[in-house]
Amino acid sequence: MSATVRIDQAKCIGSGQCVLAAPDVFDQSDDDGLGIVLVPHPPAELLPGVRDAVDRCPAQVVTLEE
């Protein structure tokens with residue numbers, strides 16, 4: 001079973017903390033600066049960074065389902 005990463009785009013404030021925590025999984029849109037998920041089902045070796053992104057997000061819009 002793979003993990004699933006999501007960002008609630010409607011509530012994202014574009015702080016970029018997710019990109020700092022896991023740059024292989026997240027990026028920010030050039031148009032509006034909101035966070036985007038590059039790898040919705042990241043491999044196990046990227047999960048520590050994703051968990052850090054979930055913890056860092058000031059808007060609490062990054063979720064990880066494992």
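Contact between C12 and V61 at its shortest, heavy atoms only, is CA-CG2, 3.9 Å. Considering every non-hydrogen atom in both Q28 and V19, the closest pair reads CG-CG2, 3.7 Å. In terms of heavy atoms, L34 sits closest to G14 at CD2-N, 4.0 Å. P23 and A21 make their closest contact through CD-C, 3.8 Å (heavy atoms, listed as atom of the first residue, atom of the second, distance).
Summarising the local packing, CD of Q9 is surrounded by more than 12 heavy atoms from other residues, nucleotides or ligands at distances under 6.0 Å. For D32, the CG atom is densely surrounded, since the number of other residues' heavy atoms within 6.0 Å is greater than 12.
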Inset, instruction - Decide side chain to side chain contact (heavy atoms under 4.5 Å, CB included) for F26 and L38; before the verdict, give the C-alpha distance in whole Å, the side-chain angles of both, and the deciding distance to 0.1 Å. - result: CA-CA 5 Å; F26 301 98; L38 301 173; 5.9 Å; no
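Atom CD in E65 sits 10.5 Å away from atom OG in S2 (nearest 0.5 Å).
With hydrogens and angles disregarded, no donor-acceptor distance shorter than 3.5 Å links the side chain of Q17 to the backbone of P58.
Sorted by first and then second residue, the salt bridge (charged side-chain N to carboxylate O under 4.0 Å, His left out) pairs involving residues 39-60 (not counting sequence neighbours) are R51-E66, D52-R56.
The same ILVMFWY cluster, assembled from side-chain heavy atoms under 4.5 Å apart, contains both I7 and L47. L20 and V62 are not part of a single hydrophobic cluster, where members link through side-chain heavy atoms under 4.5 Å apart.
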